[in-house]
Chemist: 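Pasting in a structure now, in structure tokens, and then I'll have a few things to ask.
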Amino acid sequence: MEKWKTLERKTVFEARPYLEVIRERVAVSPELVIEDFYQVLLRPFVVCVPFLPDGTVLTMRQYKHGPRKVSLTFPGGFVDAGELPSVACARELLEETGYCAEHWIWLGEFTDNGNQKGCVGNFFVALGCKQLQDPHSGDLEEMEILRSEPVQMDKALFDGSIVITHHAFAWLMAKEWLATEHLDAAARNEN
């Protein structure tokens, strides 16, 4: 498959640093040119699934205006200009919960819309989290910090407690990483 070729690119709306709408003229193939292919660019973000030393998961319950509901969420937020996603994730964990992690696992970088782009998110697992300070998020939302068992997180995916795709995806990725890691560790112990 051939990569599409961008022939022209023009910003038609911007509200920096949060949003930019771009109209492109794109050659899908030599025979097909799309005159008005739109891209919606949002700020990059991070989400982490923090685990305490006892295996419980640190979550937050807060109102989110996008879905207009209270949702179970994980620490996360925007990546500042010039900031590494790993640094942003550690910063967000500390600001929102007051916790820091002993060990970080990067789960990957994903784009949330296959054609219009939307935003790019980096997802992490934070292991061995311990409280260093009180939360100081500076966010507009009120947050309630909770400790949940992994089985409770599984139920939250289907009972309407998690209403944001990025946070549901973060849990599924973390859960898969944990399952794979435990299987790999068991295989190493057998050898």
Chemist: What is the distance from atom CG of L172 to atom CG of L107, rounded to the nearest 0.5 Å?
Modeler: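 The CG atom of L107 is 11.5 Å from CG of L172, to the nearest 0.5 Å.
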
Chemist: Find the distance between CD (E20) and CZ (F13) and round it off to the nearest 0.5 Å.
Modeler: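 If we round to the nearest 0.5 Å, E20:CD and F13:CZ are 10.5 Å apart.
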
Chemist: Other than V33, what residues sit in its cluster of Ile, Leu, Val, Met, Phe, Trp and Tyr side chains whose heavy atoms are under 4.5 Å apart, directly or through others?
Modeler: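 Direct or chained contacts put V33 with L7.
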
Chemist: For residues 37-50, which side-chain donor-acceptor pairs fall under 3.5 Å, sequence neighbours excluded?
Modeler:
from	atom 1	to	atom 2	distance (Å)
Q39	NE2	N115	O	2.6
R43	NH2	D80	OD1	3.3

Chemist: Pairs under 3.5 angstrom only: tabulate donor-acceptor contacts from the side chains of residues 21-31 to other protein residues two or more places apart or in another chain.
Modeler:
from	atom 1	to	atom 2	distance (Å)
E24	OE2	R9	NH1	2.6
R25	NE	E35	OE1	3.0
R25	NE	E35	OE2	3.4
S29	OG	E31	N	3.4
S29	OG	E31	OE1	3.2
S29	OG	L32	N	3.3

Chemist: Apply side chain to side chain contact (heavy atoms under 4.5 Å, CB included) to the pair D112 and H166, showing each step before the final yes or no.
Modeler: CA-CA 8 Å; D112 76 349; H166 299 140; 3.5 Å; yes

Chemist: How many angstroms lie between OG in S71 and CD in Q62, if you round to the nearest 0.5 Å?
Modeler: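 It is 7.5 Å, given to the nearest 0.5 Å.
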
Chemist: Can you name the nearest heavy-atom pair linking Q133 to H136, along with the distance?
Modeler: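 For Q133 versus H136, the nearest heavy atoms are NE2-CD2, 3.8 Å.
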
Chemist: Can you name the nearest heavy-atom pair linking L93 to A101, along with the distance?
Modeler: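 Here L93 and A101 meet closest at CD2-N, 4.1 Å.
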
Chemist: Considering non-hydrogen atoms only, spot the tightest contact between C129 and L52 and give its length.
Modeler: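 The answer is O-CD2, 3.4 Å.
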
Chemist: What donor-acceptor contacts under 3.5 angstrom involve side-chain atoms of residues 119-126, with partners at least two apart or in another chain?
Modeler:
from	atom 1	to	atom 2	distance (Å)
N122	OD1	W106	NE1	2.8
N122	ND2	E109	OE1	3.2

Chemist: Do any side-chain atoms of residues 144-153 form donor-acceptor pairs under 3.5 angstrom with protein atoms, and if so which ones, sequence neighbours left out?
Modeler:
from	atom 1	to	atom 2	distance (Å)
R147	NH2	Y99	OH	3.0
Q152	OE1	E149	N	2.5

Chemist: Who passes side-chain hydrogen bond (donor to acceptor under 3.5 Å, both in side chains) against D54, sequence neighbours left out?
Modeler: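 Per chain and number, D54 pairs via side-chain hydrogen bond (donor to acceptor under 3.5 Å, both in side chains) with T56.
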
Chemist: Heavy-atom distance under 4.5 Å between the side chains of W171 and L72, does that happen here?
Modeler: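 W171 vs L72: side chains apart.
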
Chemist: I'd like to check the side-chain contact (heavy atoms from CB on, under 4.5 Å) partners of E102; sequence neighbours left out, ordered by chain and number.
Modeler: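 Checked E102 against side-chain contact (heavy atoms from CB on, under 4.5 Å); matches are K130.
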
Chemist: For E83, which residues count as a side-chain hydrogen bond (donor to acceptor under 3.5 Å, both in side chains) partner, sequence neighbours excluded?
Modeler: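 With neighbours one apart ignored, the set is R91.
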
Chemist: H103: what forms a ring pair (Phe, Tyr, Trp, His ring centres under 6.0 Å) with it, not counting sequence neighbours?
Modeler: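 Counting only residues at least two positions away or on another chain, H103 forms no ring pair (Phe, Tyr, Trp, His ring centres under 6.0 Å).
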
Chemist: Among all residues two or more places apart in sequence or in another chain, which pass the ring pair (Phe, Tyr, Trp, His ring centres under 6.0 Å) test with F158?
Modeler: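 With sequence neighbours excluded, F158 shows a ring pair (Phe, Tyr, Trp, His ring centres under 6.0 Å) to no residue whatsoever.
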
Chemist: Looking at CG of L58 and CD of E96, how far apart are the two atoms once the value is rounded to the nearest 0.5 Å?
Modeler: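 L58 atom CG to E96 atom CD measures 10.5 Å (nearest 0.5 Å).
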
Chemist: Run the numbers on C89 and W104 for side chain to side chain contact (heavy atoms under 4.5 Å, CB included), then give the verdict.
Modeler: CA-CA 10 Å; C89 208; W104 290 91; 3.7 Å; yes

Chemist: Please answer: with hydrophobic residues joined when any side-chain heavy atoms are less than 4.5 Å apart, are F74 and F78 in the same cluster?
Modeler: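 F74 does not cluster with F78.
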
Chemist: Does anything in residues 152-180 form a salt bridge (charged side-chain N to carboxylate O under 4.0 Å, His left out)? List the pairs, not counting sequence neighbours.
Modeler: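 Found D154-K175.
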
Chemist: Using ring pair (Phe, Tyr, Trp, His ring centres under 6.0 Å) as the criterion, list what pairs up with F51, not counting sequence neighbours.
Modeler: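 Residues passing ring pair (Phe, Tyr, Trp, His ring centres under 6.0 Å) with F51: none at all.
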
Chemist: What about F110 and I164, same hydrophobic cluster or not, with Ile/Leu/Val/Met/Phe/Trp/Tyr joined at side-chain heavy-atom distances under 4.5 Å?
Modeler: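 No; tracing contacts between hydrophobic side chains, which count when under 4.5 Å, never links both residues.
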
Chemist: Do L157 and L178 share a hydrophobic cluster, counting only Ile, Leu, Val, Met, Phe, Trp and Tyr and linking them when any side-chain heavy atoms are less than 4.5 Å apart?
Modeler: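 Yes; tracing contacts between hydrophobic side chains, which count when under 4.5 Å, links both residues.
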
Chemist: Rounded to the nearest 0.5 Å, what separation is found between the CE atom of M60 and the NE2 atom of H167?
Modeler: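 Spacing of CE (M60) from NE2 (H167) equals 7.0 Å.
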
